[in-house]
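A quick write-up on the structure given underneath.
What's counted below: heavy atoms across the whole structure, side chains too, no hydrogens, waters or symmetry copies. Since the structure is predicted, the reported quantities are computational estimates derived from the model, not experimental observations.
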Amino acid sequence: MGGSVNMRMKELEGENILAIELPADESYLKFVVSAPESSEYSTLNARFFNSNGLKVEVEFLTLHLNLLWDSDDNSVTLGEFEYVDLVDGGYLISGDFGQVMVRCNSCSPNI
């Protein structure tokens, strides 16, 4: 699954990151995260994009890609999706992977 039905970005904070995707056409930046227990889905997408279809600009401020053991559910992930802040010109995304600045005008789920 990968929906974001009626969720807010804040509800994804603290969830495990399973994948990070930036396609060659730079049309979006996506984090696939484990869904909160209250969700009917097993995974959800945190997606950052421009509503007009223009490329996103991604700047990795820090980057630490490591597989981390989660003893709570006996799995290996890229760590936690910690928080997203709306900043001038885009979003600052933080997690165990580091910090990413993505310049775009939309995200799903909404902040």
Side-chain angles (χ1 to χ4, degrees):
M1 303 271 158
S4 61
V5 179
N6 298 322
M7 302 239 8
R8 303 297 282 178
M9 193 67 72
K10 188 152 195 71
E11 293 176 67
L12 300 181
E13 291 177 0
E15 297 299 331
N16 288 322
I17 301 167
L18 306 174
I20 301 171
E21 179 181 330
L22 177 66
D25 67 2
E26 299 174 2
S27 57
Y28 61 86
L29 175 65
K30 179 174 73 174
F31 293 82
V32 179
V33 299
S34 57
E37 288 182 20
S38 61
S39 173
E40 62 187 85
Y41 300 102
S42 60
T43 64
L44 293 168
N45 297 329
R47 196 166 159 267
F48 302 86
F49 58 97
N50 281 310
S51 57
N52 58 8
L54 292 176
K55 292 181 178 184
V56 298
E57 292 179 40
V58 177
E59 179 182 358
F60 290 93
L61 304 175
T62 60
L63 184 61
H64 309 281
L65 291 180
N66 297 300
L67 294 177
L68 300 174
W69 172 260
D70 184 345
S71 59
D72 291 339
D73 62 4
N74 199 28
S75 66
V76 177
T77 70
L78 293 171
E80 288 185 359
F81 189 77
E82 292 175 0
Y83 65 87
V84 176
D85 284 330
L86 185 59
V87 295
D88 188 34
Y91 302 89
L92 179 63
I93 307 159
S94 296
D96 290 329
F97 60 87
Q99 281 194 318
V100 177
M101 174 65 192
V102 58
R103 289 177 183 81
C104 63
N105 63 18
S106 299
C107 69
S108 175
N110 291 323
I111 286 197

Find the distance between [atom1] ([X]) and [atom2] ([Y]) and round it off to the nearest 0.5 Å.
X: I20; Y: F97; atom1: CD1; atom2: CZ; result: 5.5 Å
X: F81; Y: S94; atom1: CZ; atom2: OG; result: 9.0 Å
X: S106; Y: Y91; atom1: OG; atom2: OH; result: 5.5 Å
X: R47; Y: M9; atom1: CZ; atom2: CE; result: 11.0 Å
X: R103; Y: D88; atom1: CZ; atom2: CG; result: 9.5 Å

Is there a side-chain contact between [X] and [Y] (heavy atoms, below 4.5 Å)?
X: C107; Y: V84; value: no
X: E57; Y: M101; value: no
X: T77; Y: I17; value: no

Closest non-hydrogen atom pair, [X] against [Y]:
X: P36; Y: L44; answer: CD-CD1, 3.7 Å
X: Y28; Y: L22; answer: O-CD1, 3.2 Å
X: G98; Y: T62; answer: CA-OG1, 3.3 Å
X: S39; Y: Y41; answer: OG-N, 3.0 Å

Checklist entry - Checking side-chain contact (heavy atoms from CB on, under 4.5 Å) for the pair L67/L78: CA distance, chi angles, key distance, verdict? => result CA-CA 5 Å; L67 294 177; L78 293 171; 4.1 Å; yes
Checklist entry - Can you hop from L86 to V100 via hydrophobic side chains spaced under 4.5 Å? => result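 Yes; tracing contacts between hydrophobic side chains, which count when under 4.5 Å, links both residues.
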Checklist entry - Can you hop from I93 to L61 via hydrophobic side chains spaced under 4.5 Å? => result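 Per the 4.5 Å side-chain linkage, I93 and L61 are not co-clustered.
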Next on the checklist: Before you tell me yes or no, could you show the steps for E11 and R8 under salt bridge (Lys or Arg N to Asp or Glu O under 4.0 Å), namely the whole-Å CA-CA distance, both residues' side-chain angles and the distance that decides it to 0.1 Å?
Outcome noted: CA-CA 6 Å; E11 293 176 67; R8 303 297 282 178; over 6 Å; no
Checklist entry - Run the side-chain contact (heavy atoms from CB on, under 4.5 Å) check on F49 and S108 step by step: do they pass? => result CA-CA 8 Å; F49 58 97; S108 175; 4.1 Å; yes
Checklist entry - For H64 and D96, what are the C-alpha separation, side-chain angles and deciding distance, and is it a side-chain contact (heavy atoms from CB on, under 4.5 Å)? => result CA-CA 7 Å; H64 309 281; D96 290 329; over 6 Å; no
Strictly distance-based, threshold 3.5 Å: is any side-chain N or O of [X] a donor or acceptor partner for the main-chain N or O of [Y]?
X: D85; Y: V87; result: no
X: N50; Y: N52; result: no
X: S34; Y: N16; result: yes
X: N45; Y: K30; result: no

Next on the checklist: Angle between ring planes, F31 versus F48, binned at 30° and 60°: parallel, tilted or perpendicular?
Outcome noted: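 Ring orientation of F31 relative to F48: perpendicular.
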Checklist entry - How far apart are the C-alpha atoms of L54 and N105, what are their side-chain angles, what is the distance that settles it, and do they pass the side-chain contact (heavy atoms from CB on, under 4.5 Å) test? => result CA-CA 10 Å; L54 292 176; N105 63 18; over 6 Å; no
